[in-house]
Structures are given as structure tokens and as C-alpha cells.
Amino acid sequence: MSHDDPRRAIARTDVLLATPALAAAAERLGRSTVRAAVTAAQDRARCGEIDPDQVGPAALAALPSRASSLTPVLNATGVVVHTNIGRAPLSAAAVEAVVDAAGYVDVELDLRTGARGRRGAAALEALRQAVPGAGDALVVNNGAAALVLATTALAAGREVVVSRGEMVEIGDGFRLPDLIASTGARLREVGTTNRTHLRDYADAVGDATGCVLKVHPGNFRVEGFVSAVGLDALHDLRRPDGSRVPLVADIGSGLLTHDPALPGEPDAATALREGATLVTASGDKLLGGPQAGLVLGERETVERLRRHPLARALRVDKLTLAALEATLRGASTPVRDALHLTAEDLRPRVEELARAVRRSVVAVEGRVGGGGAPGVPLPGLAVEVPVEVVERLRTPRGEAPVVLARVEDGRGLVDLRCIPADRDADVLHALRVALAGSDPAPDGDDGTGPAAGPAA
Ligand SMILES: *Cc1c(COP(=O)(O)O)cnc(C)c1O
């Protein structure tokens with residue numbers, strides 16, 4: 001390197017890391033992240049891409065804004081429980097509870113006596129109060145874990161009797177037969193894909209039966225010549241020695257009580273009333289809480305699961321317990337609110353947004369999503385945008401929030417169903433930025449004509 005080589009002017013790594021802005025960034029994001037950004041910027045200066053005095057600013061500009069790379073997304077898809085963006089958004093009460101529980105917290109301590117307390121007792125109490133028909137409750141990591149624990153504790157080395165019509169793949173590789181097989185239980189399939197009768201179950205139940213399992217196939221519907229057996233008919237199946245066979249109902253969606261807006265969707269209270277020994281469900285689908293697996297049911301059977309060694313490996317952390325309790329005790333959840341919004345509820349917000357960006361309002365149907373209520377449409381309204389705008393809305397750029405819209409029939413749709421009303425201004429901002437790089441609005445669309453009017 002010659003004496004006048006400009007690369008000599010590139011500051012050393014330790015000097016750069018000591019500058020106030022980069023030192024502050026290291027406090028927030030960690031030293032290794034900042035060091036990597038500095039090294040990359042120095043490399044750019046060495047190959048002449050930037051001036052040596054730009055190394056510091058370039059490193060700063062390249063740093064992520066948060067320590068986690070998970071990017072918050074505004075859900076304008078109209079799909080309420082959307083698996084790819086984290087299913088249920090937490091309620092304000094649950095978010096507050098998570099923040100409070102993030103530090104040291106009395107999750108296993110009785111503050112009055114100073115003695116050890118039962119882990120998560122308050123969350124379990126909230127569950128029991130929400131479903132008075134349940135003798136006891138247990139919380140594990142997710143719905144799949146709840147099912148694994150139930151079948152392991154009740155049927156490892158024995159048989160799980162299941163209808164062929166319920167041998168489902170729920171999504172993301174969750175295949176019921178594989179899951180059951182992993183517990184060491186044998187699957188005893190009964191009936192056919194479209195029809196299963198009580199006598200099919202009765203014929204299959206024997207000394208080797210560990211439990212009967214009913215699974216709610218939440219992501220498809222079979223129509224036509226179909227029949228299935230209800231819980232009420234199955235709850236008194238007995239082995240040859242006269243003992244009752246435990247009946248496990250995997251309802252999946254996590255509705256605790258019946259919701260008239262989702263007529264075909266099973267709920268925990270009804271399943272228990274109809275005779276289920278145990279109900280298993282997810283915490284982050286229709287319940288609208290954190291990822292969790294709920295087990296509700298007969299006291300002795302829940303206790304059997306709780307005492308099983310596997311339960312310790314599936315236990316939830318303090319953040320989940322905090323969020324679950326707050327979800328159950330707090331006001332309505334974002335999932336519930338979004339599910340119950342009508343097109344008329346949405347109209348003022350959608351029309352205002354459409355007017356502001358000079359686009360049309362169109363009638364659309366939202367979805368429950370996430371493996372729940374497959375046949376239930378959610379009539380609503382959306383702002384129509386050019387398809388290419390959907391990609392721009394999704395791409396993180398500068399300060400504009402990321403908005404996930406959807407494409408349907410060759411149209412881009414911005415659906416406000418799952419957007420909190422106080423974030424409409426953020427959607428407008430993102431939409432303005434995204435539309436700025438797009439074709440101008442269609443001729444004659446000046447924002448006062450039918451384009452901004454109500455849906456057809
Ligand atoms: C979603 C679902 C599961 C899996 O629950 P996770 O919380 O995703 O583990 C199991 N069974 C049914 C019926 C479901 O709908």
C-alpha cells in the first residue's frame with residue numbers, strides 16, 4: 001500500500017466502535033452485530049465503493065432497527081388467524097402482561113407465604129372459570145403438544161381409536177397419524193373416509209384400547225354422503241372388563257364457548273357437556289391468545305397428564321402463562337373483534353382510505369383462516385389497488401410500515417378487517433408510498449366519482 005493510498009484513511013474497527021452512535025447501537029443490538037456492519041462498511045471503502053469517511057455512517061445505515069429481525073406486519077389480508085404472520089395478535093391486556101412478566105415474576109412463588117407456589121395457577125384458574133364444566137385444566141406449548149401428551153399418557157403401548165374421516169393433515173406437516181405414532185400408541189382406524197358409525201367404534205374397542213380420539217378437521221369440509229359419530233354417542237364406550245374408554249376431543253380452534261358467528265365450529269364447553277373426557281385445543285387460534293395447547297376436562301384424567309414425565313418437557317414459559325391469563329380475563333381479543341366486524345362496521349374506514357388514495361371500494365369476503373371454520377365467509381369491504389402494489393406494500397422500505405394485502409381475481413385488495421382502527425393512518429401512509437411508485441390512478445378517477453363510493 002503506497003503512502004497516498006486512500007485506503008489508509010479508513011478508520012480502524014475499534015476506533016469506529018468507540019464513536020458515540022455506534023457504541024450506542026452496540027448497547028441495543030449487541031457488539032457482534034455492529035462489528036459485522038463496520039467490517040462490511042470498511043470492505044466497501046477498500047474496494048472504492050464508498051469514501052473512507054463514509055464508513056461510520058454506512059455501518060450505521062446498514063444496522064437493523066431492532067435486535068430481533070421479526071418485522072411487525074399490518075394484516076390487510078382479511079384472513080383473521082393467519083399462520084404465516086403468527087396467527088393470533090395479542091390483546092392489549094396480554095401485551096401488557098407479557099411485558100410485566102418479562103423480568104423476575106412470581107410465576108412459582110406465593111408472595112404472602114414466601115413458599116413455592118403452583119406454577120401458572122392463576123392462568124389455570126382463569127381457564128377453569130371460562131369453562132366451568134371442566135374439572136381441571138393444563139397448559140402446554142401448543143395444540144399438537146396437548147394431543148401428544150394426552151395420547152401418550154392414555155394410550156402409549158396401547159391403541160388410539162380414530163375415524164378414517166379424521167386422519168387429517170392440519171398444515172405445515174402436522175399429520176395426525178404420524179403424531180400419534182410418535183407417542184408409541186398404535187392407531188386403530190375405523191370407518192371410511194366419508195362415513196363412520198357407532199358400531200365401527202364399538203367393534204374396535206377392546207382390552208388394548210387406550211382412548212378414543214375425535215379430531216375436528218378444521219381446514220376442510222367433506223360434503224355429500226357423509227356421516228360421523230358425535231361425542232354424545234361415544235362417551236360411554238366400554239372395554240370388555242367394563243371400564244370406560246377415555247374420549248379425547250381435539251377441537252383445534254380453541255373456542256371455549258359457542259360463538260353463533262361460527263355455527264359449525266366446536267367449542268370446549270359443548271364438547272365436555274357432550275361427554276368428552278378431555279378437550280385439547282390451541283391457544284392462538286380462535287381463542288386469540290398466545291401459542292399454547294389447552295387441555296380441559298375430567299380432574300383425574302388431567303392430573304394423569306400433569307404427572308406424566310412428558311408434561312415437564314412440554315411446559316409453557318412465564319410469558320405464555322401471563323398472556324393467556326390476560327387474554328382470558330381481559331376485554332375482547334383482536335381475533336374476536338375482527339371476526340365479528342360486518343361490512344357496515346368497516347364501511348366508514350374503508351371509504352375514507354379509498355378516498356384518500358383515490359381508489360375504489362369493493363365488496364370482499366374475509367376468512368377465519370388458521371385451520372378454523374373453513375366454510376364461513378366474512379363479508380367485508382376492501383380498497384382495490386393494482387396487483388403490483390401488493391408486493392410494494394409487503395417490501396420493507398424506510399419508515400413505512402409493512403402491509404400485507406392480498407391478490408384475488410387479478411386485483412390487489414387492502415382489507416381493513418384485521419387492522420386495528422388506530423392504525424388506519426399507518427396503512428394510508430404505506431399505501432401512499434407504495435402507490436407513488438405505481439401507475440397513476442385510472443383516468444377520470446379524481447376521488448369524487450364512483451371510485452370512492454360504496455361497493456356495488
Ligand atoms: C391447529 C390444530 C392442531 C395443532 O395445534 P397447534 O397449536 O398448531 O400445535 C391440532 N388439531 C387440530 C384439530 C387443529 O386444528
Side-chain angles (χ1 to χ4, degrees), residues 72-95 142-143 170-172 216-221 251-268 281-292 294 323-324 326-328 330-347 349-350 353 362-383 390 393-394 401-408 412-424 426-427:
V73 167
L74 286 167
N75 176 9
T77 63
V79 180
V80 180
V81 181
H82 196 309
T83 306
N84 299 353
I85 48 176
R87 287 195 186 161
L90 293 180
S91 66
V95 171
N142 53 30
I170 306 283
D172 194 28
H216 177 69
N219 52 358
F220 70 96
R221 279 194 308 177
I251 62 168
S253 66
L255 266 191
L256 297 183
T257 53
H258 182 65
D259 183 343
L262 305 169
E265 202 55 27
D267 65 274
S282 296
D284 55 346
K285 292 180 179 172
L286 296 182
L287 181 62
Q291 179 189 302
L294 314 179
L324 181 62
T327 300
L328 292 164
S332 185
T333 65
V335 164
R336 205 188 142 72
D337 292 345
L339 282 175
H340 290 87
L341 281 177
T342 65
E344 288 318 302
D345 294 334
L346 286 162
R347 185 178 295 281
R349 293 170 55 200
V350 179
L353 180 64
V362 291
V364 294
E365 279 184 355
R367 288 275 172 260
V368 179
V376 178
L378 304 171
L381 300 171
V383 176
V390 172
L393 283 168
R394 192 191 62 230
V402 172
V403 175
L404 202 63
R406 78 172 188 271
V407 175
E408 196 178 276
L413 299 173
V414 176
D415 189 329
L416 297 184
R417 174 176 299 280
C418 309
I419 308 278
D422 63 0
R423 300 297 305 276
D424 283 0
D426 294 314
V427 177

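- Proximity of Val414 to Leu353: side-chain heavy atoms (C-beta onward) are separated by under 4.5 Å at one or more points.
- The closest side-chain heavy-atom distance from Asp284 to Val81 is not below 4.5 Å.
- Put simply, the side chain of Asp424 reaches to within 4.5 Å of the side chain of Ile419, judged on heavy atoms.
- Only one option out of Val427, Leu393, Leu74 pairs with Pro401 in a side chain to side chain contact (heavy atoms under 4.5 Å, CB included); it is Leu74.
- One distance of note links OG of Ser282 with CG of Leu287; it measures 9.5 Å at 0.5 Å rounding.
- Looking at every heavy atom in both residues, Leu413 comes nearest to Ala405 through O-CB, 3.1 Å.
- Side-chain contact between Pro377 and Arg367: present, with at least one pair of heavy atoms (C-beta onward) separated by less than 4.5 Å.
- Remark: Asn84 pairs with no residue by the side-chain hydrogen bond (donor to acceptor under 3.5 Å, both in side chains) rule, at least two apart or across chains.
- Residues forming a side chain to side chain contact (heavy atoms under 4.5 Å, CB included) with Pro290 (at least two apart in sequence, or on another chain): Leu90, Thr320, Ala323, Leu324, Thr327.
- Taken to the nearest 0.5 Å, the CG atom of Asp267 stands 9.0 Å off from the CG atom of Asp259.
- Looking only at distances, a side-chain donor or acceptor of Asn75 sits under 3.5 Å from a matching main-chain atom of Val79.
- Side-chain contact, Ser332 with Asp337: a donor N or O sits under 3.5 Å from an acceptor N or O.
- Rounding to the nearest 0.5 Å places CG of Asp415 at 11.5 Å from CG of Leu404.
- In this view, Ala93 and Ser91, Ala326 satisfy the side chain to side chain contact (heavy atoms under 4.5 Å, CB included) rule, not counting sequence neighbours.
- Contact detail for His258 and Glu265: the closest heavy-atom pair is ND1-O, 4.4 Å.
- Summarising the geometry of Leu255 relative to Ile251, their closest heavy-atom pair is O-CD1, 3.7 Å, with the distance given to 0.1 Å.
- No donor-acceptor contact under 3.5 angstrom links the side chains of Asp345 and His340, judged on distance only.
- Judged as a side chain to side chain contact (heavy atoms under 4.5 Å, CB included), and not counting sequence neighbours, Pro379 has no contacts.
- Qualifying side chain to side chain contact (heavy atoms under 4.5 Å, CB included) partners for Asn142, counting only residues two or more places apart in sequence or in other chains: Ala144, Ala145, Gln291.
- With Arg417 contributing its side chain and Leu378 its backbone, the two residues share a donor-acceptor pair below 3.5 Å.
- Taking the side-chain hydrogen bond (donor to acceptor under 3.5 Å, both in side chains) definition, one finds that Arg394 meets it with nothing, sequence neighbours left out.
- What you find for Pro260 and Pro263 is that their closest heavy atoms are O-CD, 3.7 Å.
- Across every non-hydrogen atom of Lys285 and Ala88, the tightest pair is O-CB, 4.1 Å.
- Side-chain contact check for Leu286 versus Val368: some heavy-atom pair is nearer than 4.5 Å.
- Taking the side chain as every heavy atom from C-beta outward, Val350 and Val383 approach each other to under 4.5 Å.
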